[in-house]
Structure formats: structure tokens, C-alpha cells
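Residue indices begin at 1 and follow the sequence shown. Keep in mind that the numbers below use all heavy atoms, side chains included, and drop hydrogens, waters and symmetry copies. Atoms within each ligand, like the ligands themselves, are counted from 1 in listed order.
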Amino acid sequence: MYDLIIEKGDLIDGSRAPRRRLDLGIRGDRVTSIGDLSGEKARQRLDAKGKILAPGFVDVHNHSDAWLLKIPHLLPKTTQGFTTEVIMADGISYAPVNPYTAPDWIFYMRALNALLYEEYTGWQSLGEYMAALNGRSVQNAITHLPYANVRVLAQGYGRAAPDDFQMSQIRGMVEQGMAEGAVGVSTGLDYLSEFFASTAELAEACAPMSAQGGLYVTHVRYRKGTLAGVKEAVEIGRRAKVPVHISHLKGTTPEQIDAILSYIDKTAVQEVDFSFDVYPYLPGSTMLNFILPYEVWEEGPMGVLPRLKEPQIRARFAHGLATYKLDQTFIAWLPGKENSRYLGKSLAHYVAAVGKPAADALCDLLIEEHLAVLLVFHYGDDQLVFPFLAHEKYMMGTDGIYFPDGAVHPRMYGSAGRLLGSCVRDHHLFSLEDAVYKLSAHPAGRFGLKDRGLLKEGAFADVVVFDPQAVADRATYQDPHQYCTGIDHVFVNGVQIIRESKEVKDLPSPLPGRSLRFKL
Ligand SMILES: [Zn+2]
């Protein structure tokens, strides 16, 4: 007797093998049979005629860290078929912390995750954070060890290199993070504290995870140039003897893209075990405070506000700002009620409305909003990411940033629908089987998710049922809160969380999502 048989569908198992008409039998949290199950008994049967059965999707780069704690069912993600989130990207998150650094991170991350101090329940280690998530969300989660959190615990926010004692502390925390189940170390070398970390420091810090095969996952030093940043990441991986994964890798001109991809194909893959992710859109989204000169961060996030009044800081900020198109850069979210009328409005609009020079207007806005201003860019041609999406080392990372009341980037809602939909049907970038691989077996294998990512007997029953003709993204910059179409049913550990493209309300407690550990 099966708990569920999903029958008459076309099964794409995640391995890139061609689809086959097979039934899927589930008992408890596992897929126990695949084949012709028409004569078998089941408590429940689901007719998937004309539909695809695929393994649950894995998002290797996102900013869901605290949203998974705050919201039991993150619908923008599950309606795309994502069953596992790899959290704590870019080297910045809510663990590990101590009682002194926890308030800093909650303050700093406000425009990514909106965790409030009253929601902080006292966790400190990565293991404690992941234990708090277990059974709290409908999705599974596994985590990176975020490097800035570690570095700040060892030596504070300053620009000095760690001394020998501090480095031994950092290495000890990397070992501890791996022991607590991390997939490896994440860095974001344009973010606070981490932009002060040298290549040598990062190589030394990452070496302790070499034995377990922990990944060096990095938002490279984009301000130094993408190719130079990728080369540095490869150098770090080579020296530390660890695999390298580049986060949200893209280029903005055909020449730059050729240079990056030819470096990857000719050199990177020879020197290290290499992979990357990107969301299927060219325009990005990040915090306004990202543009501030590095020196304002030397005393930590709480030390930034007074420095924003200094004329020389404003002058340097103006210099950085000059590289952005203010009329095509939009305010996606900020916490203040007074300024909420500017959500979805361009920075040019805001600057004109307040009637000050741009750098002054935006520094004052950062002061008013306690640094928490999220931006979305609307410029760039999405076709420029196609060569990356089609690349063999590519897997999905949505980089989704969620605010239910924000004018957020559509990647939060549409990434998987776009990869399975227009990328396959309209642009013919790859087959549907390849698209599923990029969303399931490739990320699951790379990030050490045991018995997930492939639909086979014995695997966990993380399953997506979708319509290959109807699947599509609908979210736009003007109207981002639009769920994908064509993702019909989603199961996590054998429990249905999406039925007929809608939220399943009567879920068991604890919720089906589990905290996962690297390779275990
Ligand atoms: Zn990033």
C-alpha cells in the first residue's frame, strides 16, 4: 500500500535522461517505486497525464535566511517548485553571532530579510540557527557558513588582516561550521568586513574544509572587475584545495562574457572543481548602502550613520553613484512609512522630489531609514545571461529578495518558471530535461544534498508536477508579486505543499521542511 501514487505522467528524473512515462509511488517521506503502478493500491492517487514529474528544485543562492523563520510558507518560492533553499549567501547572515554581534547583523540585514530584534530568540551558532528552522518551514534548508560573521567574531569590523591568533579562531570556526552541517564557506567580497579580506586570508581560512570537500562559494570582488574576481576565487580554491562556486555570475557586454566564459572553459575548470549560478535576468537588486565607500564600515553597521554626515564621505559616495543610472534604479523597499510613497519610484524621481544634490539626498535617506533601502535596477538585456544559463557548469540561484510590500525584483517569483518556460520553448537554450537538471540534480549534487535532486527509488519524496506547455514566469518589474503558471503540485518529504498551484493549508505540525546537513 502506497501513501500516494502519481500516475500517467512523464518522469524527468533530473539526470538529463529523456523523459519516460512512469508512475511514482511514495511511502512516508520517500519515493519507494518507479514503474507501472497501475495495479497497485494507494491511499491517494494523482493523475499527472500530460504533466512532467521532476525532482524538487534547489535554490543555491537566495536571501531567504530569516524569511524561512518568519513565514512558514514562502509562496513565491514554492510556487516555482523550490523545495530546498541553500541559505546564508554572500557571507552575511544571522549566524554565527554572539550577544554583541547579533544586533549588528539584525540592523545590517534589515533590507534583505526584515528580521526584527524582537524576533531574535538567542541563537548563536550555525547549528542553533538551523535547529530553530527544522520543521518551521514547508521547505528544506541547508546553509553556508557566512564569512563576514566569522571574521567579525574573530577580529571585529576593521580592515586589518587577522593576526595568527585570530586566524586560528577563524579556522576553528570553519571547522565547527562544517561539523554543524555547512556546505562550505560563502563570501561576498563587496560587503562589510569581507572587502578587507585578502586572497591569502581567504585561502588560509578555507583550507580546513578541504578534507570534507566543503565549497568556497563567492560573490566575487565585482568592483575590481568580474573576470579579476573570478580569477581570485579560482586562486583561493587552488590554494585551499576546495571546490569553487561563483554566485550570480554574469557579464554586461558580449566581449566581457566571451572573456569570462573562455577563462572558465580553458583555465578555471583545469585548476579547480568549478561551478556557478545566476538568475535568468540581467538587471540586479541590492542594498543602497552597497554603494557606500568601504571606510564607513570600519566600526561596524552601527558606526555608519554618523559618518554619513561627513562631507568627504558624501563626496566619495557621489563618485560611486555616478556609475549608476538613477532614472533606471528603483526603490524596492524601505522600512519607513513616510517614505513608503517612493516604493517603485526611481532614485532620480526621489532626488528631484527632495530637491537636494543626489549624494546628499541619498545619504540623508540612508540616515532616515537606518541604512535599510533596497534597490532594483531595470536596465540591461536579459539575453546577455543566456550563454551562462546554457553553460554546463551552470545551476539555478535565484538571488531572490522578498518583501511582501516591496517593489522587489521579479527573480524572487519567476526564476524557475522562466528557465523551464521561455528559455526552453521560446529561446531554445536547452532541452526541458537539461533545465530540470540545472534546477535539481546539478545543485543537489554540488551542494551535498543526500538522496535529493534525482527521482529514483529510495530518494526523498521532494517532487514537482508541472505542465511543460503552460509553465512560465509572470512577475515583472512593474508587477513583481505574480506567481508562476504551470507549476501544479509540489511535495516536500512526501507532504503536499502546493495543490493545483495553490497553497495547501491543512499541513501537519511540525511542517515538512527539514534542516539538512552537507552530505549526510
Ligand atoms: Zn551577492
So, Ser247 versus His219: side-chain donor-acceptor pair below 3.5 Å or not?
-> no

Assign the ring pair Tyr94 / Tyr129 to parallel, tilted or perpendicular, where the plane angle (0 to 90°) is split at 30° and 60°.
-> parallel

Backbone or side-chain N/O/S of Asp90 under 2.8 Å of the Zn ion (ligand 1) | yes

Over 60° means perpendicular and under 30° means parallel, so classify the ring planes of Trp123 and Tyr120, tilted if in between.
-> perpendicular

Any N/O/S atom of His248 sitting less than 2.8 Å from the Zn ion (ligand 1), backbone or side chain?
-> yes

Answer key: the N, O or S atom of His219 nearest to the Zn ion (ligand 1) is ND1

Can the ring centres of Phe330 and Tyr477 be said to be less than 6.0 Å apart?
-> no

